Amino acid sequence: MQLKWTAVALAALTLVACGKKEEAAAPAATPAPTASAPAPAAPPAGETIVVKIGHVGPTSGAIAHLGKDNELGAKMAIEDLNAKGVKIGDKTAKFELLAEDDAGDPKQGTAVAQKLVDSKVNGVVGHLNSGTTIPASKLYSDAGIPQISPSATNPKYTRQGFKTTFRVVADDTQLGGTLGKYAVETLKGKNIAVIDDRTAYGQGVAEEFEKAAKAAGATIVGHEFTTDKSTDFNAILTKLKGAKPDILFFGGMDAVGGPMLKQIKQLGMPVKFMGGDGLCTGELAKLAGDAIGEEVVYCAEAGGVDGDFKTKLDAWKTKFKEKNNVEVQIYAPYVYDAVQVLVAAMEKAKSSDPAVYLPEVGKIEYDGLTGPIKFDERGDIKNGALTLYTYKGGARTQIAVVR
């Protein structure tokens, strides 16, 4: 008994010397909580994580109205997600938008892409133009960051072998091809002239249009070139006028197409004027003035909704105008959906880590404002729609949605 008491006493002295409370030496029915190694701490209830979504578009320069339209779509998506209180795994996500301006310039596009990579964004929506989207996609791919373009239509974007590239609109193969067929079969074009602005977008859509128009039986009487910053087209238009085309297709954006229409009218060229989605904006009528004419211009948007989705999209467009005091130009709803798709993939993967949730982007099935969104093995939207338009009374007027 004496030896047992001495051992206890020695243990007590040792605990005191180590800075423990003397009570720890006293016999107790229940062991102290600190007697065993603590279990790993569970995340505190209500823990919030920050999820950064990058957006890039030309918010300065000639097509800033389109870039700002896209950025407003991204802002509305972020606001709605934060109001909803999205859970990713067991954590509440707080979404932040990192918006950058690429001015529609490939060099600036790669610079801001690197900035977003360095900022460790969780995903990117953008860019607007194919010419900036394609070079930037290599940087996002190298960093393993999912990228969804809401508007880049050049087929090359999703055909580089990158696992990170997706788009929520149809590509130029569908866009230019549909317009070429429409030019011949519906507008009865026989002699067709083409102009493109030599950008990745303009050249791509013009080439696809030309192939489809030829296949439908048209004769291409001339193909001229300009730039995305040109304002004087008299030389190339005069040359084409001599070939007597009945349709003139322009591969480029509305900022160039509007002034070109004015000069076509000044030269007295009796042509139908056609273009892709870059031309097909609400702003074109303002840029062209009275040269917009009545059912003179025909174009297509690389997207479109029908059925029940039309009611849903129209309601959102009303909300957009009330909030931002401007009409939707063209692709803001597609930006909104692209942000939502990234987040839906994060929710499914229970992680905002790009490496973890990237596979879920490719498998997504999401009903957005712009219709059902699913991607094929390249990252292109499945069963993508196109919307054909003309202009009447100075306003863009829908003709049909085709798939």
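What you see is a predicted model; the values in this text were computed from it and never measured.
For Glu294 and Lys392, the salt-bridge test fails: no basic side-chain N is under 4.0 Å from an acidic carboxylate O. Using a cut-off of 4.0 Å between Lys/Arg side-chain N and Asp/Glu carboxylate O, Lys312 and Asp314 are scored as not salt-bridged. Between Glu96 and Lys52, none of the side-chain N atoms (NZ, or NE/NH1/NH2) sits under 4.0 Å from a carboxylate O, so this pair counts as no salt bridge. Between Asp80 and Lys84 no salt bridge is recorded (no basic side-chain N to carboxylate O distance below 4.0 Å). Classification of Glu71 and Lys68 as a salt-bridged pair fails, no side-chain N sitting under 4.0 Å from a carboxylate O. Between Lys239 and Glu224, at least one side-chain N (NZ, or NE/NH1/NH2) sits under 4.0 Å from a carboxylate O, which counts as a salt bridge. One finds no salt bridge joining Lys350 and Asp90 here, because no Lys/Arg side-chain nitrogen approaches an Asp/Glu carboxylate oxygen to under 4.0 Å. In this structure, Glu79 pairs ionically with Lys323, as a charged nitrogen and a carboxylate oxygen lie closer than 4.0 Å.
Between atom CD of residue Gln340 and atom OH of residue Tyr366 there is a gap of 4.0 Å, rounded to the nearest 0.5 Å. Remark: Ile330 CD1 to Leu66 CG distance equals 7.5 Å, nearest 0.5 Å.
Considering only heavy atoms from C-beta on, Met346 comes within 4.5 Å of Val51 through its side chain. Side chains of Val401 and Gln398 form a contact here, defined as non-hydrogen atoms less than 4.5 Å apart.
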Taking it one step at a time, do Asp197 and Lys229 satisfy salt bridge (Lys or Arg N to Asp or Glu O under 4.0 Å)? CA-CA 9 Å; Asp197 67 1; Lys229 297 176 178 62; over 6 Å; no
For a salt bridge (Lys or Arg N to Asp or Glu O under 4.0 Å) check, start with the C-alpha distance between Glu322 and Lys319, then their side-chain angles and the critical distance, and finish with the verdict.
CA-CA 5 Å; Glu322 289 170 352; Lys319 179 182 174 184; over 6 Å; no
Walk me through it: do Lys120 and Asp118 pass the test salt bridge (Lys or Arg N to Asp or Glu O under 4.0 Å)?
-> CA-CA 5 Å; Lys120 300 190 185 310; Asp118 293 342; over 6 Å; no
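For the residue pair Asp277 / Tyr331, a side-chain donor-acceptor distance below 3.5 Å is found, with atom types taken as modelled. In the model, Tyr140 has no side-chain atom that pairs as donor or acceptor with a side-chain atom of Gln114 under 3.5 Å. For the residue pair Ser230 / Thr227, a side-chain donor-acceptor distance below 3.5 Å is found, with atom types taken as modelled. There is a side-chain donor-acceptor pair under 3.5 Å between Glu210 and His223. Between the side chains of Asp380 and Thr158, at least one donor N or O lies within less than 3.5 Å of an accepting N or O. Side-chain atoms of Asp337 and Thr370 include a donor-acceptor pair closer than 3.5 Å. Gln160 and Ser137 share a side-chain donor-acceptor pair at under 3.5 Å. Of the N and O atoms on the side chains of Asp228 and Thr199, not one donor lies less than 3.5 Å from an acceptor on the other residue.
Ring planes of Tyr182 and Tyr298: tilted class, angle from 30 to 60°.
In this structure Lys286 satisfies the side chain to side chain donor-acceptor pair (under 3.5 Å) test with no other residue, sequence neighbours excluded.
Shortest non-hydrogen contact noted between Lys262 and Gly289 is CE-N, 4.2 Å. The two residues Met274 and Leu179 come nearest to each other via the heavy atoms CE-O, 3.6 Å.
With Tyr389 as the aromatic partner, Arg396 meets the cation-pi criteria of under 6.0 angstrom to the ring centre and within 45 degrees of the ring axis.
Across Ile247, Ile292, Leu261, a single residue satisfies side-chain contact (heavy atoms from CB on, under 4.5 Å) together with Phe273, and that is Leu261. Asp171 pairs in a salt bridge (Lys or Arg N to Asp or Glu O under 4.0 Å) with only one of the listed residues (Arg159, Lys156, Arg378), which is Arg159.
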